[in-house]
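This one's a predicted model, so the numbers in the text were calculated from it and none came from an experiment. Counting begins at 1 with the first residue of the sequence. Heavy atoms only: backbone and side chains are in, while hydrogens, waters and symmetry mates are out.
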Amino acid sequence: KVSSYLALCGDREVYQHHVGCWKGNFHGLDFSCLSACNAHETHLATVRPEEVLSQPVEFMSVDARSDVLRYPVSIQTNLISEREGNCYGLVGWFEAKFPKGITPKEMTLDTSPFSHTTHWQQLYFPVETPIFLNRGALVELDFAAYIDKDNPQVVHFKRKMKSNSE
């Protein structure tokens, strides 16, 4: 079984590396348009566990032996901030459970920020402008994964977030 999860991300360093770094002028040139572009992309990142702002929600789950994954896959849900701070987007990861028989004993490959770091990392879905969240703030999430029409090996992600703290 393979499950994927999403949670609110409060990791400023990850945001700065992928989005915030483009907001200034470099050598007299304005690169801020790259900040906006990068805010709508998906990035590989390693998010620190203390920077996960909410409990995760399961985005999708597939039994690899019997299920067929059909796109688009979408979720509309609410995430609740467990502490006050800036939300810089979403962090996503997967967990794969291998039953005994496929492996010598039951095993789990977990790529979450709370597990040992692997080369898989996490997916980071930034926001263009950080959202300040109070503890207990509700964030409405509309999230979807869909296949590229020209290249079926590419998955795109679309997200919309709205907070009652805004």
Side-chain angles (χ1 to χ4, degrees), residues 2-60 72-96 108-148 151 153-166:
V2 179
S3 300
S4 63
Y5 299 90
L6 296 166
L8 298 173
C9 178
D11 200 323
R12 185 179 188 281
E13 287 180 30
V14 170
Y15 175 81
Q16 279 300 117
H17 179 75
H18 294 288
V19 178
C21 64
W22 297 106
K23 290 192 175 190
N25 286 326
F26 301 96
H27 306 288
L29 298 173
D30 180 8
F31 286 93
S32 59
C33 64
L34 294 177
S35 176
C37 290
N38 277 346
H40 298 284
E41 295 296 324
T42 303
H43 305 274
L44 280 176
T46 300
V47 173
R48 295 169 292 162
E50 63 271 16
E51 299 300 345
V52 176
L53 298 176
S54 67
Q55 289 294 314
V57 294
E58 186 176 83
F59 171 55
M60 67 179 163
V73 178
S74 62
I75 185 173
Q76 291 178 323
T77 191
N78 294 322
L79 297 166
I80 297 173
S81 178
E82 295 188 328
R83 65 179 172 83
E84 181 178 284
N86 283 322
C87 175
Y88 296 100
L90 299 167
V91 57
W93 63 87
F94 73 88
E95 177 184 273
T108 300
L109 169 61
D110 185 349
T111 64
S112 81
F114 309 104
S115 295
H116 294 290
T117 304
T118 69
H119 71 281
W120 294 96
Q121 297 182 286
Q122 291 95 41
L123 291 180
Y124 171 56
F125 307 96
V127 292
E128 191 168 341
T129 303
I131 305 165
F132 180 79
L133 298 175
N134 293 309
R135 185 173 192 261
L138 182 104
V139 176
E140 295 174 20
L141 175 64
D142 190 354
F143 190 89
Y146 60 96
I147 297 290
D148 187 284
N151 184 350
Q153 295 179 331
V154 174
V155 177
H156 295 284
F157 299 95
K158 189 173 16 176
R159 67 251 182 212
K160 196 183 317 178
M161 296 170 58
K162 182 179 164 191
S163 167
N164 65 359
S165 285
E166 295 179 291

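Listed by chain and residue number, Asn25, Ser32 satisfy the side chain to side chain contact (heavy atoms under 4.5 Å, CB included) test with Asp30 (two or more places apart in sequence, or in another chain). Under the rule for a ring pair (Phe, Tyr, Trp, His ring centres under 6.0 Å), the partners of Phe157 that lie at least two apart in sequence or sit in another chain are Phe125, Phe143.
Ring orientation note: the planes of Tyr88 and Tyr15 are tilted relative to one another, at an angle of 30° to 60°.
Inter-residue side-chain proximity for His40 and Glu128 is flagged as met; some heavy-atom pair is nearer than 4.5 Å. Side-chain contact check for Leu123 versus Val91: every heavy-atom pair is 4.5 Å or farther apart. Between Thr118 and His116 the shortest side-chain heavy-atom distance does not fall below 4.5 Å. For the pair Glu95/Val2, no side-chain contact is recorded, criterion being any heavy-atom separation below 4.5 Å from C-beta on. The shortest distance between side-chain heavy atoms of Arg159 and Thr42 falls below 4.5 Å. At least one side-chain heavy atom of Ser163 sits under 4.5 Å from a side-chain heavy atom of Ile131. No side-chain heavy atom of Trp120 sits less than 4.5 Å from a side-chain heavy atom of Leu44. Annotation: side chain of Val139 is in contact with side chain of Leu133 (closest heavy-atom distance under 4.5 Å).
Summarising the geometry of Val19 relative to Val127, their closest heavy-atom pair is CG1-O, 4.4 Å, with the distance given to 0.1 Å. Nearest heavy-atom pair, Asn151 versus Asp148, reported as atom, atom and distance to 0.1 Å: N-OD1, 2.9 Å. The nearest pair of heavy atoms linking Tyr124 to Gly89 is CE1-CA, 4.4 Å. Summarising the geometry of Ser35 relative to Trp22, their closest heavy-atom pair is N-CB, 3.5 Å, with the distance given to 0.1 Å. The shortest non-hydrogen separation linking Met161 to Cys87 is CE-SG, 3.8 Å.
Side-chain atoms of Gln121 and Thr46 form a donor-acceptor pair, as typed in the model, at a separation below 3.5 Å. When only modelled atom types and interatomic distance are considered, Asn38 and His18 share no side-chain donor-acceptor pair under 3.5 Å.
Between the side chain of Gln122 and the main chain of Thr111, a donor-acceptor pair closer than 3.5 Å is present. Between the side chain of Arg135 and the backbone N or O of Glu82, at least one donor-acceptor pair lies under 3.5 Å.
For the atom pair Ser74 OG and Tyr146 OH, the distance stands at 12.5 Å (nearest 0.5 Å). Between the CG atom in Leu138 and the CG atom in Asn78 there is a gap of 4.0 Å [rounded to 0.5 Å]. Between the CG atom in Leu53 and the CD1 atom in Ile80 there is a gap of 13.0 Å [rounded to 0.5 Å].
No option in Leu90, Thr77, Ile75 other than Ile75 meets the side chain to side chain contact (heavy atoms under 4.5 Å, CB included) test with Phe59.
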Show me the side-chain donor-acceptor pairs of residues 5-13 shorter than 3.5 Å, one per line, residues at least two apart or across chains.
{"unit_1": "Asp11", "atom_1": "OD1", "unit_2": "Glu13", "atom_2": "N", "d": "3.2"}
{"unit_1": "Asp11", "atom_1": "OD1", "unit_2": "Val14", "atom_2": "N", "d": "3.3"}
{"unit_1": "Asp11", "atom_1": "OD1", "unit_2": "Arg48", "atom_2": "NH2", "d": "3.1"}
{"unit_1": "Asp11", "atom_1": "OD2", "unit_2": "Arg48", "atom_2": "N", "d": "3.3"}
{"unit_1": "Asp11", "atom_1": "OD2", "unit_2": "Arg48", "atom_2": "NE", "d": "3.4"}

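In His43, the NE2 atom is crowded: over 12 heavy atoms of neighbouring residues, nucleotides or ligands sit closer than 6.0 Å.
Between Arg83 and Glu51 there is a salt bridge, since a side-chain N of the basic residue sits under 4.0 Å from a carboxylate O of the acidic one.
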side-chain contact (heavy atoms from CB on, under 4.5 Å) between Asp110 and Phe94, worked out: CA-CA 6 Å; Asp110 185 349; Phe94 73 88; over 6 Å; no
